[in-house]
Amino acid sequence: MPGAAASKPATSKPTTVATKAEVGQLPARGKQRLSAPPAVAVVGMIYIDATTGKEKIFDGASWVPHDNTVDSYYATHKPAAKTPAKTAASMVQTDVCTDGDPACTPSGAHGGPGSTPPGHYAFACSVCHKVGGRVSFAKNGPAFGSGLPAPTFDATAKTCSNVACHAVSGTFSYYVYDYGLDANVLTTVSYGGAAPRPTSSWFSTGAAGCTACHDDPPRNGSTGSNVWHSGNHGGQGPTGARNQCQFCHPDASSPGNGIGDTITNPALHANGVADVVVTFTSACFTCH
C-alpha cells in the first residue's frame with residue numbers, strides 16, 4: 001500500500017546528503033508535505049509525512065522527529081556510543097618510504113602505518129606522496145588544493161608549505177529558522193579559506209595535536225556567520241555540550257570539555273569534506 005510505505009521512511013530509499021550541485025535544486029524554504037522522505041537533503045531540512053502528519057527533520061544522516069520526542073528517539077534508534085581509543089597525530093622519525101629509496105628516509109613527521117604510535121592517523125605515505133622515488137606530493141592527492149599554490153617541501157628546513165589539507169575550505173548548506181519570514185530557510189555559508197597552516201619540522205618529535213593542521217576549535221568561516229564555531233551555540237558557551245565536536249561531527253570528540261583532541265573515525269577525518277551529523281535535541285528547534 002502506498003500509504004503504508006510512506007509512513008515507514010526506514011523502508012524507503014535512504015536520503016543522501018545533497019551535493020553542492022544538488023543544493024541549488026532544494027526548496028528555498030525547508031518544510032514540505034510529502035508522501036515519502038526527499039531523495040536528497042541537508043541538515044535542518046523538514047518534511048511533513050503526508051500520511052501521519054508528523055514532522056521530521058534531517059540530522060545529516062537520517063530523519064528524526066521534529067518535536068520533543070527527539071530527546072528519546074536517539075536513545076532507542078541509535079547504537080550506544082562507544083568510547084574510542086584516543087588517536088592523535090604524532091611526529092616520529094623511525095619509518096622509511098615504502099619504495100625503500102634512501103633519499104626518502106626518514107619518513108618523518110607523519111610516520112607510517114607501522115609506526116608506534118601511528119603517525120598522522122596511520123595513513124599510508126601514498127595518500128599524499130608519490131612513493132616511487134624522492135619525496136614529492138602526488139598531484140591527484142589531497143595535498144593539492146584548487147586555487148592554492150602547489151605544496152612544497154623545504155629540504156633544508158625540513159618543512160612543508162601550501163598543504164591543502166591544512167587549509168580545508170568550502171561551503172556548507174543547512175536550513176535555519178528565519179524569524180522575519182517565520183520559516184526555515186536554506187542557508188549556505190563558506191568555511192575555511194585562510195592560508196594553509198605552517199607545518200612542524202619533519203624531524204619534530206612528540207604529539208602533534210589538532211593544531212598542527214587546523215585551529216582547535218576551527219574558526220568562523222569567511223562569511224562570519226557559522227555560529228557553531230563561534231564559541232556560543234545554542235545559548236551555551238565554549239564548554240557547553242552544544243559546542244562539543246561530537247555534537248555535529250561524527251569523526252571527532254571533545255573529552256577536553258570543548259577542546260577537541262580525539263579522532264573517532266579516521267576515515268571521515270582529513271578527507272577534505274566537512275562531515276556533519278547533528279544530534280538534535282528539542283531545545284534546537286527554536287532555531288531549526
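Numbering starts at 1 and runs along the sequence shown. Since we're looking at a predicted model, the values are computed, not measured.
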Look only at the side chain of His249 and the backbone of Cys245, and say whether a donor-acceptor pair between them is shorter than 3.5 Å.
no
Sequence neighbours excluded, which residues qualify as side-chain contact (heavy atoms from CB on, under 4.5 Å) partners of Gln236?
Ala241, Arg242, Asn243
How close do Gly53 and Arg33 get, heavy atom to heavy atom, and via which atoms?
CA-NH1, 4.4 Å
Inter-residue atom distance Leu186.CG - Arg29.CZ, 0.5 Å rounding
12.0 Å
Under the side chain to side chain contact (heavy atoms under 4.5 Å, CB included) criterion, do Lys56 and Val64 qualify, and how do the steps go?
CA-CA 5 Å; Lys56 303 289 181 69; Val64 301; over 6 Å; no
Taking the side chain as everything from C-beta on, heavy atoms only, tell me whether Phe280 gets closer than 4.5 Å to Tyr73.
no
Pairwise distance OG(Ser253) to CD(Gln244) - rounded to 0.5 angstrom
9.0 Å
Between Val42 and Val23, is a side chain to side chain contact (heavy atoms under 4.5 Å, CB included) present by the stated rule, with each step listed?
CA-CA 8 Å; Val42 294; Val23 165; 4.2 Å; yes
Can you tell me how far SG of Cys284 sits from CG of Asp71, rounded to the nearest 0.5 angstrom?
8.5 Å
Going through the checks in order, is the side chain to side chain contact (heavy atoms under 4.5 Å, CB included) test met by His288 and Ile57?
CA-CA 9 Å; His288 297 280; Ile57 186 168; 4.1 Å; yes
Please tell me whether Leu26 and Ile48 are part of a single hydrophobic cluster in this structure, the criterion being side-chain heavy atoms less than 4.5 Å apart.
no
Would you please test Thr69 and Asp67 for side chain to side chain donor-acceptor pair (under 3.5 Å) and show each step?
CA-CA 5 Å; Thr69 64; Asp67 54 40; 2.4 Å; yes
Indicate yes or no for a side-chain donor-acceptor contact from Thr15 to the backbone of Pro38 under 3.5 Å, with no hydrogens or angles considered.
yes
Taken to the nearest 0.5 Å, the spacing of Leu34 CG from Asp49 CG works out to 9.0 Å
Describe, in one word, how the ring planes of Phe247 and His233 are oriented to each other, choosing from parallel (under 30°), tilted (30 to 60°) and perpendicular (over 60°).
perpendicular
Between Ser254 and Gln246, what is the shortest heavy-atom contact and its length?
N-OE1, 2.8 Å
Side-chain heavy-atom pair Asn232, Val227 within 4.5 angstrom cut-off
no
dist Asp59:CG -> Thr279:OG1 (nearest 0.5 Å) comes out at 7.5 Å
When clusters are formed by joining ILVMFWY residues with side-chain heavy atoms under 4.5 Å apart, either directly or through shared neighbours, do Tyr177 and Val43 land in the same one?
no
Check Ala252 against Thr264 and note the closest heavy-atom contact, atom names and distance.
N-OG1, 3.2 Å
Met45 versus Lys31: any side-chain heavy-atom pair under 4.5 Å?
no
What do you reckon, are the aromatic ring centroids of His66 and Phe285 less than 6.0 Å apart?
yes
Contact between Asn265 and Pro250 at the side-chain level, heavy atoms closer than 4.5 Å - yes or no?
no
Do Val278 and Leu268 share a hydrophobic cluster, counting only Ile, Leu, Val, Met, Phe, Trp and Tyr and linking them when any side-chain heavy atoms are less than 4.5 Å apart?
no
Please state whether the rings of Tyr174 and Trp228 are parallel, tilted or perpendicular, taking 30° and 60° as the class boundaries.
perpendicular
Measure the shortest side-chain to side-chain distance between Glu55 and Pro65 over non-hydrogen atoms and say whether it is less than 4.5 angstrom.
no
What I'd like to find out is whether the side chain of Phe58 reaches to under 4.5 Å of the side chain of Val17, using heavy atoms alone.
yes
Inter-residue atom distance Tyr175.OH - Ser173.OG, 0.5 Å rounding
8.5 Å
Taking the inter-plane angle between the rings of Trp63 and Tyr47 on a 0 to 90° scale, is it parallel (under 30°), tilted (30 to 60°) or perpendicular (over 60°)?
perpendicular
Is there side-chain contact between Thr188 and Phe172, with heavy atoms separated by less than 4.5 Å?
no
